[in-house]
Structures are given as structure tokens and as C-alpha cells.
Amino acid sequence: MSIKITIFGVGLIGGSLALCFKGKPGITVVGHSIFPEEVQKYIDRHVVDIATTSMEEAASDADFIFLCVPVGKLASYLQQLSQMTLKEGCIITDVGSTKASIAACAKQTDLQNVTFIGGHPMAGSERSGVEAASSILFENAYYVLTPEENVSEEAYTRLADLLQHTRAQIVRVDPKQHDDIVGAISHLPHLIAVALVNQVRQYNENNTLYQSLAAGGFRDITRIANSDPYIWRDILLNNKDVLLKLLQDWNGQVESFIDILKREDGEGIVQEFSQAGAFRSQLPERRKGMITSLYDVYINVPDTPGIIGRIATELGNHELNLSNLQIIESREDVPGVLRLSFRNEKDWDRAQQLLPTLGFTAYV
């Protein structure tokens, strides 16, 4: 039995899904873009079997349709699909990080003889575009499916079975509950990071030492503030009600710390840090999540000519792929002066084993 999978938006997520499905027996993967140059790129990179700029051609006779477009465009794509004659029993799903809004939209859209099931693969990368697509992107990640009550078990099982090709862990969650949880663990942290960076940016207008000294830890804990502003505009507006409640709760946390500091309550500070540390230590360390993990190693290096080149060469000789290398001038909040960044956990682990054999102490 032949299965046609259509992917609208073959970027990082859509391209990675395509690579998970492509080449499997009986599966044909079709990619769509309105831009001819993107279509050619999909073909040249062998990410899909067929690529087209025609939405009708892409959707025709599809057994599964993945909408991997920005959250703000999902409603438009659903509306356009509702005006086409789709294969009976076709399953439409998306990959957006908000689920209640698209579930409501699907209910209001006249989709004949097809099923919509919301989806959210909780994995990503600091890179974007089809160039960053990888068949292993979803390994060990959670892939959340959010079917409404009227979705048949047969349709849900068909989609869940197909997604086994991603080697992700499939989790079934109510759309509203999904948005509550993801709002707290991803959307709120992004807002806080942006607000914190902008606060320091304002201080820096009067004293540029703020920018000069904001190395190491500050840059790391606020790196998610450097996310695509237009993508996050759509995400935050789609999850507005959840975020307003979360921000109120966050204000309560801030007010609590203000009170502790005003009272000079040292034991209160210890308690807050202890509770946070205990909970954080229970969080999974080696599972992919919405906020991309850091694979950084810090090492102390002497100020001698050629030392950085030697380290990079040795890593290359052992086929360890560096994604970034940075000399950190401020050493107050990190144990080393050279930060080595890797794209995956395997290279990160191997680097920690290799560096001591070269005479360097590695810190993570």
C-alpha cells in the first residue's frame, strides 16, 4: 500500500520530518513551497521525493498532510485546504507550539471527510531552514499530539504509528493543557529573557560597561532572547490568555523576592534557591526539549601562540564537529577562557573524554 505524505513548509522541522519518512517502503514524500527556488533546493538536497509550487498538486490524494508553516499562517492553510477535494480519510496535522487556537480553527473550518490532529514535536535547533534538517532531530524528544474528543482512535493510531519513524516519544495531551504547560516552560522563559536583555540594554545606554561585561553566564542564560521576532510574535499572540496568567504569577514570584530582600531574609533566600535547585535536579538532562540544549565545554588555555589552532586541529583529527569557538574575556562566571560548542551530544561527550588526554581540564 502506497502512502503519500505532503509537507507544507520544508524548513528545519518539515525537512527533518521529510527525512524521517523518505526512503521508507511504500512512502512518497511531497514538499511544497510557493517559491520555485525553495522547491529546487528541496530536490537538490534530496529531502523529498517530489516538490511543487502547486498547493493543489501537493495536497491531491495525500494520506497525511503536515503543516510546518508559522503559527500565524496555519489558519490560512486550513482554509485553503477546506476548499480542495482531499482524499477521504486524510489526516492533517501541524507542528506549531500552540495548540488550542489551531484546534478551534480546525473546528470552525469545513474540512470534509478528513481529520485534523494537532501536533507539536518538542525539538529544535539554533539553526533554521532546510539546510539544518536532520533525520535524527526528533530522537529522544517528546512529540505531543493533541486530538480533540471527536477524533477516532483509528485516525489517531494511524498518525502515531507513522510518527514512530521519527523515533520520538509520542505523548497525548489535551490542547488547552498543552498550551498551559508549554507556556510555562517555553513561552514565559522567552519573554523573561527578552525583558532581561532589554533591561540591560537600557542600562547600557548610559554605561557601555554593561555590554562589555555581559559575557559568559549572562549571554548563556539569555540566548533565547535572540529568537526570530516574527515567529514569536505569532506564538505569543496565539497563547495570549495563558501568558497573561503566567505573567501575573511571575509578578508574584518577583514581588516575593522583593519582600525577602527588603526584610534581609537570608534564610528565605536559601530556601528559594534550595527549592529551585532540588526541583531542577530532577529535570531530565538528556532529553531534547523546546529550548535547545547547550553542548558547550570550557577549558583553561595558556596564552601561547597557536594553542587554539592546535585544539581545533586535534578535534578535527578525531572527527569532532565544532559549531562554534569563543574566547571569553570575562572569567568571573565560567571556569575557563575558551568555550567549545558542539552540535550534538555525542561529539560533546567525546570531547570531554579527549581533551584531558591532550593536557586540558574540561568543564561543562
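- For residues 152-170, the set of pairs meeting the salt bridge (charged side-chain N to carboxylate O under 4.0 Å, His left out) definition, not counting sequence neighbours, comprises E139-R167, E153-R172, E154-R158.
- Minimum heavy-atom separation, V95 to H120: O-CD2, 3.9 Å.
- Rounded to the nearest 0.5 angstrom, W232 CH2 and H187 NE2 are separated by 4.5 Å.
- The two residues P121 and I13 make their nearest non-hydrogen contact at CG-CG2, 3.9 Å.
- If you check the side chains of S76 and Q80, you find a donor sitting under 3.5 Å from an acceptor.
- Summarising the hydrophobic clusters (Ile, Leu, Val, Met, Phe, Trp, Tyr; side-chain heavy atoms under 4.5 Å, direct or chained), the residues clustered with V30 are I50.
- If you chain together hydrophobic residues whose side chains sit under 4.5 Å apart, L237 and V242 never meet in one group.
- Cluster annotation: V194 and V200 are assigned to distinct hydrophobic clusters (Ile/Leu/Val/Met/Phe/Trp/Tyr, side-chain heavy-atom contacts under 4.5 Å, transitive).
- Between L19 and V47, the shortest heavy-atom distance links the atoms CD2-CA, 3.9 Å.
- Placement of F273 and L261 within a single hydrophobic cluster is found when ILVMFWY residues are connected by side-chain heavy-atom separations under 4.5 Å, directly or transitively.
- The side-chain hydrogen bond (donor to acceptor under 3.5 Å, both in side chains) test applied to T52 returns E57, not counting sequence neighbours.
- Under the 4.5 Å side-chain criterion, counting only non-hydrogen atoms from C-beta, W348 is in contact with Q352.
- Not one N or O on the side chain of Q40 forms a donor-acceptor pair closer than 3.5 Å with the backbone of P36.
- D265 CG: more than 12 foreign heavy atoms inside a 6.0 Å radius.
- Paired with K99 under the rule side chain to side chain donor-acceptor pair (under 3.5 Å), one option of N239, D94, T146 passes, and it is D94.
- Residues N238 and S101 come closest through the heavy atom pair OD1-OG, 2.9 Å.
- In terms of the ring-ring contact (aromatic ring centres under 6.0 Å, His included) criterion, residue partners of F66 (sequence neighbours excluded) are, by chain and number, F21.
- Atom CG in L159 sits 6.0 Å away from atom CZ in F64 (nearest 0.5 Å).
- The neighbour count for K24 NZ, taken as heavy atoms of other residues, nucleotides or ligands under 6.0 Å away, is above 12.
- Q271 meets the side chain to side chain contact (heavy atoms under 4.5 Å, CB included) test with Q275; sequence neighbours excluded.
- Judged by distance alone, with hydrogens and angles left aside, the side-chain atoms of S16 form a donor-acceptor pair with the main-chain N or O of L12 at under 3.5 Å.
- Legend: residues meeting side-chain hydrogen bond (donor to acceptor under 3.5 Å, both in side chains) with S134, ordered by chain and number and at least two apart, are absent.
- Atoms CG and CG, on L163 and L145 in that order, are 6.0 Å from each other to the nearest 0.5 Å.
- Within the 3.5 Å criterion, the main-chain N or O of T53 finds a donor-acceptor partner in the side chain of H32.
- Checked against salt bridge (Lys or Arg N to Asp or Glu O under 4.0 Å), D63 has the following partners two or more places apart in sequence or in another chain: K87.
- With hydrogens and angles left out, the side-chain atoms of N198 and R201 include a donor and acceptor closer than 3.5 Å.
- Under the salt bridge (Lys or Arg N to Asp or Glu O under 4.0 Å) criterion, D179 pairs with no residue, sequence neighbours left out.
- To the nearest 0.5 Å, atom CD1 of residue I117 and atom CD1 of residue I91 are 5.0 Å apart.
- Note on V254 and I192: same hydrophobic cluster, where clusters join Ile, Leu, Val, Met, Phe, Trp and Tyr whose side-chain heavy atoms are under 4.5 Å apart, directly or indirectly.
- The closest donor-acceptor contact from the side chain of D234 to the backbone of V71 lies at 3.5 Å or more, if one exists at all.
- Within the 4.5 Å cutoff, no side-chain heavy atoms of Y230 are placed close to those of P70.
- Side-chain contact between I7 and V48 is absent, with no heavy atoms from C-beta onward closer than 4.5 Å.
- A distance of 10.5 Å separates CD of E88 from CD of Q112, quoted to the nearest 0.5 Å.
- Scanning for side chain to side chain contact (heavy atoms under 4.5 Å, CB included) contacts around Q79 gives S82, Q83, T109, with sequence neighbours left out.
- No more than 12 heavy atoms of other residues, nucleotides or ligands shown are found within 6.0 angstrom of OH on Y203.
- Side-chain contact between L340 and L355 is present, with heavy atoms from C-beta onward closer than 4.5 Å.
- Between the side chain of S186 and the backbone N or O of V182, no donor-acceptor pair lies under 3.5 Å.
- Heavy-atom contacts from other residues, nucleotides or ligands closer than 6.0 Å to CD of E319 number 12 or fewer.
- Partners of E267 by side-chain hydrogen bond (donor to acceptor under 3.5 Å, both in side chains), not counting sequence neighbours: none found.
- Pairs passing the salt bridge (charged side-chain N to carboxylate O under 4.0 Å, His left out) check and including a residue from residues 38-48, sequence neighbours excluded, read E38-K41, K41-E131.
- A salt bridge is defined here as a Lys NZ or Arg NE, NH1 or NH2 lying under 4.0 Å from an Asp or Glu carboxylate O, and K245 with D241 fails to meet this definition.
- To the nearest 0.5 Å, atoms NZ (K262) and CG (D259) are separated by 8.0 Å.
- I65 belongs to a hydrophobic cluster with F8, M55, L67, V69, L74, Y77, L78, L81, M84, L86, I92, I102, L111, V114, F116, counting contacts under 4.5 Å between side-chain heavy atoms of Ile, Leu, Val, Met, Phe, Trp and Tyr, direct or through other members.
- Closest approach of A133 to G15, counting heavy atoms only: CB-C, 3.5 Å.
- The two residues V29 and I27 come nearest to each other via the heavy atoms CG2-CG2, 4.0 Å.
- When hydrophobic clusters are built by joining Ile, Leu, Val, Met, Phe, Trp and Tyr residues whose side-chain heavy atoms come closer than 4.5 Å, directly or via intermediates, I260 is not grouped with V270.
- Residues L320 and E314 are not in side-chain contact: their nearest non-hydrogen atoms beyond the backbone lie 4.5 Å or more apart.
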